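Inspection log for the structure reproduced underneath, given as structure tokens.
Every chain is numbered from 1, with letters handed out A, B, ... down the list of sequences. Source: prediction; values computed, not measured.
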Number of protein chains: 2
Amino acid sequence: MDNAQLLKGVLEGCVLAVIDKGETYGYEIIGELEKSGFDEIGEGTLYPVLTRLDKSGLIACRRAKSPLGPVRKYYSITPQGRSFLAEFKKRYRRITESAAAILFEEEIL
Amino acid sequence: MDNAQLLKGVLEGCVLAVIDKGETYGYEIIGELEKSGFDEIGEGTLYPVLTRLDKSGLIACRRAKSPLGPVRKYYSITPQGRSFLAEFKKRYRRITESAAAILFEEEIL
DNA sequence: CAAGCTACTAAACAATGCAAAGTAGCTGAT
DNA sequence: ATCAGCTACTTTGCATTGTTTAGTAGCTTG
């Protein structure tokens with residue numbers, strides 16, 4: 001199946017939400033996403049998202065040694081990221097409610 | 001704001017769901033979508049979706065005169081479309097539940 | 001030293017929504 | 001009869017974003 005299209009945009013918001021819970025790094029974010037039910041988010045999928053969020057100023061980055069492997073890049077959310085996330089949630093909710101109205105009608109998602 | 005990405009894939013499923021409710025045509029589908037809460041779905045957005053669904057064999061097309069304007073293309077769902085829609089709903093639900101778990105945590109969407 | 005895990009990078013690609021412009025039939029007002 | 005405005009569909013070119021694949025490199029363990 002092709003979930004790629006359904007993930008568009010959603011992933012960006014979810015990654016930001018994960019970082020909002022506390023400073024974290026790429027590999028760990030993948031684990032968080034999969035723990036919440038997302039299927040096999042590859043590294044080639046996640047890292048470009050982080051790069052974009054960083055360039056947009058929604059997250060900040062700092063390098064630090066890992067006790068396990070190579071250097072990690074730790075990300076934390078910025079004030080701009082926080083307000084973007086708040087807006088994102090509103091937009092996301094609105095769209096999912098519109099879609100649910102058509103897809104599931106009487107059911108409440 | 002840019003809802004374009006959040007709509008990716010969702011729109012296709014919603015259009016199919018609208019047609020599943022009964023034979024209809026492009027202009028009317030746009031009305032249905034907006035009635036359910038979607039914002040300004042342009043013609044340049046919808047018609048390519050219909051073309052794709054048709055080519056994929058998920059909907060069937062027939063031309064008929066309109067009492068108001070130019071000829072309409074009426075679309076109806078095919079058996080393949082029905083099973084695709086059922087699968088789509090499962091996938092969509094799974095992804096929105098995963099996203100909600102991260103975005104809204106304890107809240108129940 | 002090799003295997004395997006951790007961790008990030010980069011390039012080429014495919015899918016889809018969107019804006020803009022165009023074609024055309026029909027109706028009603030001027 | 002003409003023009004505006006609504007209905008209805010088409011086409012082109014574009015931007016964004018997730019995926020695939022491959023690659024680099026540190027660390028631990030056998």
Short side-chain N/O contact from [X] to OP1 or OP2 of [N], under 4.0 Å:
X     : N      : answer
A/Y47 : C/dC8  : yes
B/T45 : C/dG17 : no
A/S66 : C/dT6  : no
B/K73 : D/dT10 : yes

Practice prompt. Using a heavy-atom cut-off of under 4.0 Å over every strand shown, decide if A/L11 touches base, sugar-phosphate, or nothing.
Written response: sugar-phosphate
Discussion item. What contact category does B/G44 fall into here, base, sugar-phosphate, or nothing, at under 4.0 angstrom with non-hydrogen atoms?
Written reply: base
What is the distance from [atom1] of [X] to [atom2] of [N], rounded to the nearest Å?
X     : N      : atom1 : atom2 : value
A/L46 : D/dT21 : CG    : P     : 18 Å
B/K55 : C/dA15 : NZ    : P     : 12 Å
B/F38 : C/dC18 : CZ    : P     : 10 Å
B/E43 : C/dG17 : CD    : P     : 16 Å
A/Y75 : C/dA7  : OH    : C1'   : 11 Å
A/D39 : D/dT19 : CG    : P     : 10 Å
A/L6  : D/dG18 : CG    : P     : 12 Å
A/I41 : D/dG18 : CD1   : C1'   : 9 Å

Worksheet item: Between A/G42 and B/E28, which has a closest nucleotide on DNA chain D that is more 5'?
Response: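 Its nearest nucleotide being more 5', the pick is B/E28.
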Worksheet item: Just wondering, do A/E12 and B/Q5 contact through their side chains at under 4.5 Å, heavy atoms?
Response: no
Worksheet item: Does the side chain of A/K73 reach to within under 4.5 Å of the side chain of A/Y47, using non-hydrogen atoms?
Response: no
Identify which nucleotide among [options] has an atom closest to any side-chain atom of [X], counting heavy atoms from C-beta outward.
X     : options               : value
B/R52 : C/dT16, C/dA7, D/dT10 : C/dT16
B/E12 : D/dG18, C/dT16, C/dA7 : C/dT16
B/Y25 : D/dC9, C/dT9, C/dG17  : D/dC9
A/L68 : C/dC18, D/dT16, C/dA7 : C/dA7
A/Y27 : C/dC8, D/dT7, C/dC18  : C/dC8
B/Q5  : D/dT16, C/dA7, C/dC18 : D/dT16

Fill in: Aromatic A/F104 / basic B/R93 pairing, under 6.0 angstrom, 45° off normal
yes
Is the shortest side-chain N to carboxylate O distance from [X] to [Y] below 4.0 Å?
X     : Y     : value
A/E28 : A/R72 : no
A/R94 : B/D39 : yes
B/E32 : B/K21 : no

Item to complete: Would you mind telling me which residue lines up with the more 5' stretch of DNA chain C, A/K8 or A/G69, judged by nearest nucleotide?
Response: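 Checking each residue's closest nucleotide, the 5'-ward one belongs to A/G69.
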